[in-house]
Amino acid sequence: MEQSKYDFKKIEEKWQARWRDEGLFGTPDDFSREKYYLLEMFPYPSGKLHMGHVRNYSIGDVATRFLKMKGYNVLHPMGWDAFGLPAENAAIQNGVHPYSWTKDNITAMHRQFERLGLTYDWNREVATCNPDYYRWTQWIFIQFYKNGLAYKKKNPVNWCPSCETVLANEQVSGGVCERCGTPVGKRDLEQWYLKITDYAQRLLDDIDRLDGWPDKVKLMQRNWIGRSTGAEADFAIKGFDKKLRIFTTRPDTLFGVTYMVLAPEHPYVKELTDGTEYEGKVADFLHNLQYLSDIDRSSATIEKEGLFIGRFAVNPMNGRDVPVYIANYVLMDYGTGAIMAVPAHDTRDFEFAVKYGLDIVPVIDPNDPDIDLDDLKEAFVAEGTMINSGDFDGMNSRDGVDAVSAYLEEKGIGERTVNFRLRDWLISRQRYWGTPIPMIYCEKCGWTPEKEENLPVLLPTDVEFTGKGESPLTTSKTFRETSCPVCGGSAEREIDTMDTFLDSSWYFLRYTDARNDEEIFSPENARYWMPVDQYIGGVEHAILHLLYARFFTKFLYDIGRSPVDEPFSRLLTQGMVLKDGAKMSKSLGNVVSPEEIIDKYGADTARLFILFASPPEKELEWSDRGVEGSYRFLNRVWRIVTELNEEFGYADADASGAALTPEDRELDRARNYAVKKVGNDIGERFNFNTAISAIMEFVNALYRYREAAASPNAGLVRDSVRDLILILSPFTPHLCEELWDITGHEETLCTAPWPEYEEAALASDEIEIVVQVNGKVKGKFNADSGLDAAGLVAAAADCGLLDRLTAGKEVAKTVAIPDRLVNIVLK
RNA sequence: GCCGGAGUGGCGGAAUAGGCAGACGCACCGGACUUAAAAUCCGGCGAGCCGAAAGGUUCGUACCGGUUCGACCCCGGUCUCCGGCACCA
């Protein structure tokens, strides 16, 4: 007999063409069916898939195919996060327009997706750089503006004096320009912000509702939002008519304030020092600070530097005069930009006080004999008893927080407040390849949004890419000049574009109605499809992307657009793909190309290996040997299925006829177990590695059966082969389609239902019971299943095990767990 | 520094609810097939000790301790690695 061969190349091309030509992956907006929205984070179209993509999209594809077999109407769309710096760099370096560069990359990646056999509904494809998409990104921005959540503020940007251009933070490393190595300076520019801080509390509170999210991600978001409670308090400054307001989380330490510190950029600094002998020193101090990059400035390792500015403040609690400093460790954009310093009970203040010889006055007693309050070696930051604190002496410091806050409120010199670490979102980018900010400036009317009916504000094409200047958009002859939407007079467009994170903050909503050119999406479609039931992507997006997407969804909900205020019900963050223990990277030379693997072993093998080697959320160590193992397994499947098919055919057998032999029953149990286990592992646990091992066990059982059965049951074999193909098909769809075809099925697997299993076939009459002595396994025996504790002990006694194990010893008690074990506890 | 997560054979990993530790795969070893090799099929494979063998026995889930009839799993402490935040007052 001629042996047929597993020709993956031919098989994969054949089925990919059929899936494409027959449009099998389209998703109808059929509101009568139960929906499932499964989404993987869309990629930046770099032009080449890497193994991380393969992993991400394989996970999503297996789940999609499974859910379709389970009968859901599954939305599984794909698109492109297509704006961004690499396209612009390509334009500068090679003279290619970012648009054509991006288009070419999309085409190439689309082809690679198809080669992996992924089931996307390409009818809903979006690319954030297309005007029919970014039109709505602009529309959302205008809604933000109209609701008072977008505003303009002066802010320093990174500026490379040699390249004469603005640099993104990612383009600055170690304080120097990534391209030319010149130290990066600062330039003040008017920039747009979104008021995400208005949503801080809700973004924090609603994390509690995200049951399907990993705790790790929720925690990272909580920390990022960084809520802290405390109080603000006013300090008088001698010879100055304004009060200095500070924020503290430790009002209980107010009596221990021995100096004050303002951020160097604090507006009072100029007023307090102009015309004094300190004016020059302050100017020098500020000048030196400007040479530090943001990263250095905010690093905890940097030496604390400060300067006394010749003024004294008054501690409102005890009237004590304390000197006022400016220092590099106080940030203007947190709290009020000024602090009260309590060196005895704050690590940073302690360090600063020691360096500058400032007083250290303890006001919290640790009640610890090992700590000498008169000679502190480090700040004591924990709770204790209040001392040196007037009427508050003797109070527990935790109660003191509230008591002092109440006192401040009563005296009208302060109040309880909440502060967030989260800052407003700076969205202006001095770049070409992004969504134009649809704002217009008129001398008379100020800033106004473009009229909504005029959207999109198109990116102009008459632009030069020199790599210099503020933004390439300034070189356009046509873009900047326009007329004011309010008065009709001459006006100028905003030349900055948006941070690309805005583009990706709402794309999941657009998929629900991607071709709509009347509105952003229809409410009916969004109501049916949202929320995303399962979102899958890299953990590197745990904070920014996922927080921004939540923010956008909440805003769109508030203005009556989105039907939900949280976008993603369940989140899976897949682990990285490693090689030799390190992330694959060009510089390490450990990159494995997906295309090469597909050429050599086929997409099915690549998918199978990557899902088998590790659970999805964990890191995956690439192994060439492991890939060969997966390939070997698929050949093994091919062989057993085609051989059994030759031998038994598929059409005429019936399993129910003959009585089952023990071998038959074992195979039947293996089949039912595999169907149950694989369905559970994919559907409930998202543990694809154990699902695959269960399929391997089933295949092993088939081989064993063929070896052992004297007169094989043809019906049973047929059912086993059928179910094997079905449960393997989400993982390796091409191979399974081919086998499905070979074993006589007309319809494609895309429309086949997931197989059923019988619980009855899984149960066996006899169960092996473990017998332990003091918790250690000493023997085993077979008992009827379902025996209660007493019955089990009796059965163990009947077979003589109990006597043998307890001979000459006294039994304290016996524990029996039905269908599992008997444990004898000896005295 | 603060906050998380993880440590299981030579390797990737399994043990879903506190109940036989090591499923499945890789590597390795042996057998069958073959003139031979590859491929394939079958079998073995945590460590120590006793035994010619069958088998027996002790130890074993980073380390120390606890709870429990019973702990990879729960609790307390320690170490190591990974990740997040990093002067946030």
Side-chain angles (χ1 to χ4, degrees), chain A residues 3 214-224 226-228 230 246-250 253 261 263 295 297-304 327-331 333-342 345-349 351-352 419-423 539-540 542-543 575-576 608-609 612-615 617-630 632-633 635-636 639 677 680-681 684-685 687 689-700 703-704 706-707 768-780 812-817 819-826:
Chain A
Q3 179 68 58
D215 290 340
K216 177 195 165 120
V217 172
K218 291 196 275 190
L219 192 77
M220 279 163 76
Q221 292 218 348
R222 278 196 192 96
N223 292 342
W224 188 260
R227 182 180 197 266
S228 36
I246 57 91
F247 170 73
T248 179
T249 53
R250 292 294 302 275
T253 63
V261 190
I295 295 135
R297 170 83 192 274
S298 62
S299 159
T301 53
I302 194 174
E303 176 82 12
K304 291 183 174 41
N328 59 354
Y329 77 96
V330 175
L331 310 171
D333 54 3
Y334 185 78
T336 62
I339 63 157
M340 62 177 215
V342 187
H345 306 293
D346 181 279
T347 313
R348 295 149 302 176
D349 298 345
E351 193 189 319
F352 190 84
N419 252 291
F420 292 95
R421 210 192 73 108
L422 183 71
R423 310 291 155 84
V539 73
E540 66 273 17
I543 298 173
M576 272 194 304
L608 186 75
F609 166 72
F612 176 58
S614 188
E617 65 279 1
K618 217 173 147 172
E619 287 173 348
L620 180 145
E621 173 69 30
W622 184 267
S623 154
D624 291 332
R625 298 283 204 178
V627 176
E628 280 168 28
S630 294
R632 223 163 20 227
F633 171 71
N635 275 286
R636 199 168 148 82
R639 237 175 279 123
K677 167 89 177 153
N680 186 42
D681 280 358
E684 308 296 323
R685 300 207 306 158
N687 272 13
N689 54 333
T690 51
I692 293 166
S693 57
I695 297 172
M696 288 171 168
E697 287 180 88
F698 181 34
V699 170
N700 291 344
Y703 271 88
R704 254 198 321 274
R706 191 176 60 168
E707 193 88 350
E768 191 182 58
I769 301 295
V770 169
V771 182
Q772 299 177 329
V773 176
N774 293 334
K776 296 198 183 206
V777 180
K778 292 291 175 184
K780 291 167 185 179
K813 73 168 167 175
T814 306
V815 179
I817 308 294
D819 291 348
R820 280 195 200 272
L821 57 76
V822 174
N823 187 16
I824 307 156
V825 187
L826 296 179

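This structure is a prediction, so every number in the text was calculated from the model and none was measured. By convention in this document, chain letters (A, B, ...) are assigned in the order of the sequence lines, proteins followed by strands, and residues within each chain are numbered from 1.
Regarding contacts with the backbone of B/A89, a side-chain N or O of A/Ser228 is found under 4.0 angstrom from either OP1 or OP2. Distances shorter than 4.0 Å separate some side-chain N or O of A/Asn700 from OP1 or OP2 on B/G25. For the pair A/Lys216 and B/G5, the criterion of a side-chain N or O lying under 4.0 Å from OP1 or OP2 is not met. Here A/Arg632 reaches the OP1 or OP2 of B/A27: one of its side-chain N or O atoms lies under 4.0 Å away. Between A/Arg636 and B/C41, a side-chain N or O to OP1/OP2 separation shorter than 4.0 Å is present. Distances shorter than 4.0 Å separate some side-chain N or O of A/Asn689 from OP1 or OP2 on B/A14. The phosphate of B/C59 has OP1 or OP2 within less than 4.0 Å of a side-chain N or O from A/Lys776.
Looking at heavy-atom distances under 4.0 Å, A/Tyr703 makes contact with sugar-phosphate atoms alone, never a base. Note on A/Thr248: only backbone sugar-phosphate atoms sit closer than 4.0 angstrom, heavy atoms only; bases stay farther off. A/Val815 comes within 4.0 angstrom of a nucleotide base, judged by non-hydrogen atoms across all strands. Across all strands shown, A/Arg421 has heavy atoms under 4.0 Å from base atoms, whether or not it also approaches the sugar-phosphate. Residue A/Glu619 is classed as a sugar-phosphate contact, given heavy-atom separations below 4.0 Å to backbone atoms only. Using a 4.0 Å heavy-atom cutoff across all strands shown, A/Lys778 reaches sugar-phosphate atoms only and no base atom. Within the 4.0 angstrom heavy-atom criterion, only backbone atoms of the sugar-phosphate kind lie near A/Gly629; the bases stay farther away. A/Arg820 comes within 4.0 angstrom of the backbone, heavy atoms only, and of no base. Using a 4.0 Å heavy-atom criterion, one finds that A/Leu219 contacts the sugar-phosphate atoms exclusively. Residue A/Val770 is classed as a base contact, given a heavy-atom separation below 4.0 Å to a base. A/Arg706 comes within 4.0 angstrom of no nucleic acid atom, judged by non-hydrogen atoms across all strands.
Rounded to whole Å, the C1' atom of B/A62 lies 8 Å from the corresponding atom of B/U80. Comparing B/C69 with B/A53, their P atoms sit 41 Å apart, to the nearest whole Å. Taking the C1' atoms as reference points, B/C63 lies 39 Å from B/A54, given to the whole Å. Distance noted for atom P between B/C29 and B/G22: 24 Å (whole Å). Separating the P atom of B/G70 from that of B/A21 is a span of 15 Å, rounded to the nearest Å. The same atom, C1', is picked in B/C2 and in B/G60; the two are 36 Å apart, to the nearest Å. Comparing B/G1 with B/U68, their C1' atoms are spaced 38 Å from each other, to the whole Å. Comparing B/A38 with B/C24, their C1' atoms sit 25 Å apart, to the nearest whole Å.
Glycosidic conformation of B/G30 is anti; the angle lies outside 90° of 0.
Nearest nucleotide to the A/Asp346 side chain, out of B/G13, B/A89, B/U58: B/A89. Closest contact between the side chain of A/Arg685 and the listed nucleotides B/C82, B/U16, B/A89 involves B/U16. Taking the side chain of A/Gln772 as heavy atoms from C-beta on, and the options B/C20, B/C59, B/G12, the nearest nucleotide is B/C20. Closest to the side chain of A/Asn223, out of B/A23, B/C3, B/U16, is B/C3. Distance from the side chain of A/Arg625 is smallest for B/C26 among the nucleotides B/C24, B/C20, B/C26. Each of B/C20, B/C85, B/C69 was ranked by its minimum atom distance to the side chain of A/Asn823; first place goes to B/C69. In this structure, of B/U16, B/A21, B/C85, it is B/C85 that holds the atom nearest to the side chain of A/Trp224. With B/A89, B/C69, B/C24 as the choices, the nucleotide that has an atom nearest any side-chain atom of A/Phe612 turns out to be B/C24. The side chain of A/Ile543 lies closest to B/C85 when the candidates are B/C41, B/G13, B/C85. Closest to the A/Phe247 side chain, of the nucleotides B/A89, B/C41, B/U58, is B/A89.
Residue-to-nucleotide proximity on RNA chain B shows that, of A/Glu628 and A/Asp215, the 5′-proximal contact is made by A/Asp215. Mapping A/Arg704 and A/Pro615 onto RNA chain B by nearest heavy atom places A/Pro615 closer to the 5' end of the strand.
At least one test fails for A/Lys304 against the ring of A/Phe352: distance under 6.0 Å to the centre or angle within 45° of the axis. By the 6.0 Å and 45° rule, A/Arg421 does not stack over the aromatic ring of A/Tyr334.
Between the side chain of A/Asp346 and the main chain of A/Asp349, a donor-acceptor pair closer than 3.5 Å is present. Not a single donor-acceptor pair under 3.5 Å links the side chain of A/Tyr329 to the backbone N or O of A/Glu303. A/Asn689 contributes no side-chain N or O that, together with a main-chain N or O of A/Ala613, makes up a donor-acceptor pair within less than 3.5 Å. Within the 3.5 Å criterion, the main-chain N or O of A/Gly230 finds no donor-acceptor partner in the side chain of A/Thr249.
Across the protein-nucleic acid pair, A/Lys618 atom NZ and B/C82 atom P stand 15 Å apart, rounded to whole Å. Rounded to a whole Å, the CG atom of A/Asp681 is 12 Å from the C1' atom of B/A23. Atom CE in A/Met576 sits roughly 19 Å away from atom P in B/G5 (whole-Å rounding). Rounded to whole Å, atom C1' of B/A38 lies 14 Å from atom CG of A/Asn635. Spacing between atom CG of A/Leu422 and atom C1' of B/G84 amounts to 16 Å, rounded to whole angstrom units.
Residues meeting the side chain to side chain donor-acceptor pair (under 3.5 Å) test with A/Arg227, sequence neighbours left out: A/Gln201.
Between A/Phe609 and A/Trp622, the ring-plane angle classifies as perpendicular under the 30° and 60° cut-offs.
Heavy-atom minimum distance, A/Met220 versus A/Ala542: CE-CB, 3.6 Å.
Taking the charged nitrogens against the carboxylate oxygens, A/Arg423 and A/Asp333 do have a contact shorter than 4.0 Å, which makes a salt bridge.
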Both distances under 3.5 Å, Watson-Crick or G-U wobble: on that basis, could you give the dot-bracket string for RNA chain B, with [ ] for crossing pairs and | for other-strand partners?
(((((((..(((......[....))).(((((.......))))).(((((....)))))..(((((..]....))))))))))))....
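The closest side-chain donor-acceptor pair between A/Thr690 and A/Asp681 falls under 3.5 angstrom.
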